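This report refers to the structure that appears directly beneath it.
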Amino acid sequence: MSPSPEPAESFSHGPAGEAIDPDVDLHVPAQRAETAGVHLLLVLAAVSAGGAAGAVARYAVGRAWPVDYAADGAAAFPWGTFGINVVGSALIGVLMVLVSEGGRTAHPLVRPFFGVGVLGGFTTFSAYALDFRELLVHGNSGAAYAYAGGTVVGCLGAVWLAAALTRWALAPRTAVR
């Protein structure tokens with residue numbers, strides 16, 4: 001007979017004791033309730049619906065700006081996937097400021113729908129990795145490495161800048177006399 005699985009709560013922390021989802025502390029009953037019963041089904045439905053919408057948007061961008069990997073120079077650069085990932089990172093920066101900073105609260109399904117669902121379905125690490133590989137396979141190593149580095153720098157810069165601009169836009173202003 002096989003051993004019974006560990007209780008679900010035993011999986012709430014990683015090897016160093018940190019919470020796997022830093023937004024949910026399973027030791028706090030109100031937060032633990034977010035991952036149980038009907039609420040869990042609502043979260044899964046929100047993530048699924050958002051993910052479908054984000055994936056369709058990503059697919060549409062990919063169809064609008066296809067990549068000719070065998071082309072030289074800028075023609076081979078996967079601008080569609082690059083743009084998706086940079087814009088999606090910026091939107092994640094805006095979303096996180098809006099839903100988690102400054103004492104603001106949002107409906108509990110806003111972050112799962114928009115953050116995990118829409119933006120998770122819209123941004124794409126798998127297409128990024130595939131584009132990098134295809135550029136290398138087709139002998140366009142310069143574009144491949146520019147794409148790999150540019151995506152990381154662009155996405156990190158976009159999330160930082162968008163979050164900073166959102167904080168600035170939401171900051172209280174004093175009247176100038």
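As the structure is a prediction and not an experimental result, all values here were calculated from the model.
The two residues Thr123 and Gly88 have their closest heavy-atom pair at CG2-CA, 3.5 Å. The heavy-atom pair separating Ile92 from Leu119 by the smallest distance is CG1-CD1, 3.4 Å. Listed here is the closest heavy atom pair of Ala162 and Thr166: O-OG1, 2.7 Å. Between Phe122 and Ala57, the shortest heavy-atom contact is CD1-CB, 3.8 Å. A pairwise comparison of heavy atoms in Pro78 and Leu135 identifies CD-CD1, 3.8 Å as the closest pair.
Within the 4.5 Å cutoff, no side-chain heavy atoms of Leu95 are placed close to those of Leu91. Two residues are said to be in side-chain contact when any heavy atoms from C-beta on lie closer than 4.5 Å; Met96 and Glu101 fail this criterion. Contact check for Leu136 versus Tyr145: side-chain heavy atoms found under the 4.5 Å cut-off. Here the side chains of Pro108 and Leu42 are not in contact, with every heavy-atom distance at 4.5 Å or above. The side-chain heavy atoms of Val47 and Phe113, taken from C-beta on, include no pair separated by under 4.5 Å.
With hydrogens and angles disregarded, no donor-acceptor distance shorter than 3.5 Å links the side chain of Asn85 to the backbone of Cys155. Between the side chain of His107 and the backbone N or O of Leu109 there is at least one donor-acceptor pair closer than 3.5 Å. For Arg58 (side chain) and Gly121 (main-chain N/O), a donor-acceptor pair under 3.5 Å exists by modelled atom type.
Taking the centre of each ring, Tyr147 and Phe132 stay at or above the 6.0 Å mark. Not less than 6.0 angstrom separates the ring centroid of Phe82 from the ring centroid of Tyr128.
With 3.5 Å as the limit, one finds a donor-acceptor pair spanning the side chains of Asp131 and Thr81.
For CZ of Arg104, the number of neighbouring non-hydrogen atoms (other residues, nucleotides, ligands) closer than 6.0 Å is greater than 12.
No single ILVMFWY cluster, assembled from side-chain heavy atoms under 4.5 Å apart, contains both Ile84 and Leu130. One hydrophobic cluster, built from ILVMFWY side chains closer than 4.5 Å, holds both Leu165 and Trp160. Taken together through direct or relayed side-chain contacts under 4.5 Å among Ile, Leu, Val, Met, Phe, Trp and Tyr, Val67 and Phe125 form part of one hydrophobic cluster. Note on Trp79: it clusters hydrophobically with Val86, by side-chain heavy-atom contacts below 4.5 Å among ILVMFWY residues.
With sequence neighbours excluded, no residue satisfies salt bridge (charged side-chain N to carboxylate O under 4.0 Å, His left out) with Arg133.
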